[in-house]
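What follows is a single structure, written as structure tokens, with notes after it.
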Amino acid sequence: MLTTEDFTHFPLLMWEKVLSKVKKAVVFMDDRCAEALHWNGGAAALLEAGARNLKQFSSFEACSVNEPKAVFVVSTLLKGTTINIIKDIISLSHFQYCVVFTTVAHSVHLLANNVTTEMEGSPVFEQFEEKLCEWMGNMNYTAEVMHVPVVFAPVSQQLVILPTFAQLFPLLSPDLDTINAKRPEKKRFGSLGDVDIHSLPAELQIEVKSLASALNSMFEATNTREESFAVGPMSRLIAGELASHPQAKNRRKTAPNKASIIFVDRTMDLTGAVGHHGDNLVEKILTVLRPLPGHVTDVQVDMLELTSLQRTPHSQDTLAPGCLAQTQPSAARSLWEAMLTSKHKESVMEVRRQLVEAASKEKLPIKMSMGRVTPEQLCSYVQLFRSRWGALESHCGVLQLGLATSQTLRHPSLPRWDACLAFERLLLQALGDSDFPAVLRQLLPLMKPRGGEDSSSSGSRLGEDECGPDELILLLVYLYSLADEAQLGDQDAVEEELEKLERELIGALTLVITRETELSPLLQKLTGCANPAELTTERAHSTVQKMFETLRGLSHTRDNLKQLRSVYTASDGVHQATYRPFLRQILEEVFHPDRLECPDIEHMSGGLTDLLKTGFSMFMKVTRPHPSDNPLLFLFLVGGVTPSELRVIKEIVSTHKPGTQVLVLSTRLLRPMDIPELLFSTQRLAPDIGV
């Protein structure tokens with residue numbers, strides 16, 4: 001019987017195809033593939049396979065005369081910008097042998113070239129091989145072009161992410177308006193649930209089909225027949241594409257292994273994604289430490305404590321950073337797994353235990369101390385390894401995770417986490433007692449520029465726990481995602497009050513943003529400005545207005561659901577109001593002992609058979625496929641999953657159905673600040689596919 005381990009091993013099998021071609025080659029790789037490789041052995045795997053060098057996929061890179069072989073690994077179509085970069089690199093080099101790997105299947109290349117009929121062989125790849133020889137200057141030189149789905153990154157035994165699709169996010173109400181604007185009035189869609197794959201912009205169609213193709217490759221390699229289920233409009237489109245994939249139809253007839261896969265739109269529960277209630281150490285690490293350049297998941301860990309270098313403004317630029325990725329079975333790997341799915345306090349205790357154990361193994365003079373774990377204590381343990389090269393090499397993984405923990409615990413922005421958590425709890429209680437505008441109005445006093453007159457007298461806005469524009473945006477998303485849970489008043493009066501309040505909030509938030517002395521990465525992405533000098537009041541106001549247009553639709557993301565419409569439990573006078581994770585509700589339905597059929601978890605693999613069963617069910621009992629039918633369950637979170645949700649999944653499975661194998665697949669591992677970036681992105685309908 002297949003286990004989740006077979007699927008976490010699958011990405012390594014795909015990389016083996018690349019590694020078999022890199023001997024004596026210079027490898028050029030784009031950021032998305034580099035991030036996938038990072039979680040599959042990293043650059044070391046390429047160098048051990050015989051690669052001479054690894055370079056960025058850029059027109060500004062090239063090779064010398066004594067480097068005749070190149071391997072390109074790209075996550076995009078072999079069109080447009082991608083082709084131009086490959087041509088530039090070849091033109092500046094002296095290659096005689098070129099291999100190009102693309103993660104995009106040949107069938108998707110045909111679609112991108114407006115070819116609708118199935119063709120024998122791989123004509124698009126064959127034509128590109130001829131172009132490569134032409135650019136190398138000799139048609140007798142060797143060129144190979146092939147598809148390999150190196151898009152999977154096994155972050156842990158429980159989680160596999162797909163960095164290539166990190167920007168893929170479920171559609172929102174403004175997207176429906178954009179899609180409808182290009183359609184005749186009589187053919188416009190009434191809701192996002194009505195949108196079909198063919199009505200999406202070409203770039204998004206290609207992205208969805210590429211994802212379905214990658215998943216099909218995984219099931220094909222493991223001889224698995226999957227039953228697909230979907231919750232949410234984008235999940236329905238992806239599951240539908242996987243179900244109708246030409247190779248999938250043949251595979252499902254003969255594959256001996258069975259599994260269920262449930263696709264879930266992130267927009268079904270944004271409260272859990274932006275909230276600070278997770279009590280998870282990794283969530284905090286991902287939030288406060290800087291991301292690795294070009295990565296969406298891993299972060300930079302400052303390694304200065306392990307050297308004799310003096311800390312200067314430029315010391316971080318001279319020393320390579322550490323990271324969180326632990327790809328080899330080791331104490332560090334088990335520590336990383338524990339940190340991902342444990343509560344904050346348990347994780348910190350485990351970090352200390354592993355550091356003490358590592359120091360004891362190396363017979364280092366460690367001073368034991370019980371009680372509360374402090375960042376200074378963890379740092380002192382790590383410093384014992386300084387300049388002891390053998391010990392450093394043996395325990396580098398545990399040391400990196402130890403440093404990441406200590407740097408997070410003493411980070412100046414960490415108090416904001418607790419400040420946001422406290423305010424979220426207040427808002428949660430207020431929702432059950434007031435209408436939405438009354439709850440939303442509670443944000444208004446927070447929206448004051450940093451260091452303003454109102455705050456300087458008390459000093460609260462100058463403190464480390466003050467809410468900056470990033471935190472204010474998170475609180476807005478948190479509250480709007482729960483707007484439907486508020487008490488209902490006079491609808492017309494509530495609407496009128498809400499419009500007036502939103503104008504006040506837009507003005508206040510615009511002022512907060514324009515008074516910033518430095519723009520955060522989030523504000524830079526939202527406004528398109530690198531520094532405050534570029535940011536005009538008009539531009540900030542326009543950005544905030546568009547933000548509120550998106551926010552207004554967040555409370556309607558579950559409108560089409562029949563049963564799982566709420567993620568909120570109001571106070572009953574004895575118990576406080578609480579947030580109920582959407583994933584918890586789904587898994588409780590899936591693992592219910594009575595095997596109840598949930599109308600919101602839609603079966604997608606049946607085709608005509610399912611339609612016939614639906615017809616027959618009107619006058620006889622019909623058994624439909626159920627997600628719990630199979631020994632292996634995949635949960636695919638479209639738009640990202642948080643570390644605290646991984647813990648929820650683990651707890652539910654161990655409580656309700658201990659023997660079940662569950663593997664989480666997702667487009668990314670989320671930190672709260674990722675959600676505003678994805679929600680307010682202008683590229684959601686037109687992702688970068690290299691054209």
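Note that these values count all heavy atoms, side chains included, but never hydrogens, waters or copies made by symmetry.
The environment of CD in Q563 is crowded: more than 12 heavy-atom neighbours from other residues, nucleotides or ligands sit within 6.0 Å. For M349, the CE atom sits in a loose shell: 12 or fewer heavy atoms of surrounding residues, nucleotides or ligands are nearer than 6.0 Å.
The shortest non-hydrogen separation linking T405 to L378 is CG2-CD1, 3.7 Å.
The pair K343-E651 does not meet the salt-bridge criterion, since no charged nitrogen lies less than 4.0 angstrom from a carboxylate oxygen. Under the 4.0 Å criterion applied to side-chain N and carboxylate O atoms, E645 and R266 are assigned as salt-bridge partners.
Defined by atom type and a distance below 3.5 Å, a donor-acceptor pair is missing between the side-chain atoms of T543 and T527. Residues E283 and S644 have side chains that bring a donor and an acceptor to within less than 3.5 angstrom of each other. For the 3.5 Å distance criterion, the side chains of T8 and Q157 fail to qualify, holding no donor opposite an acceptor.
The aromatic rings of F436 and Y480 sit perpendicular to each other, their planes meeting at more than 60°, with 30° as the lower class boundary.
With hydrogens and angles disregarded, a donor-acceptor distance shorter than 3.5 Å links the side chain of D265 to the backbone of S235. Checked by atom type and distance alone, the side chain of R558 pairs as donor or acceptor with a backbone atom of M268 at under 3.5 Å. Formation of a donor-acceptor pair under 3.5 Å by the Q167 side chain with backbone atoms of L678 is not found in this model. At least one donor-acceptor pair closer than 3.5 Å links the side chain of Q661 to the backbone N or O of T4.
The ring of F634 has its center closer than 6.0 angstrom to the ring center of F219.
Residues R425 and Q576 fail the side-chain proximity criterion, which asks for heavy atoms closer than 4.5 Å.
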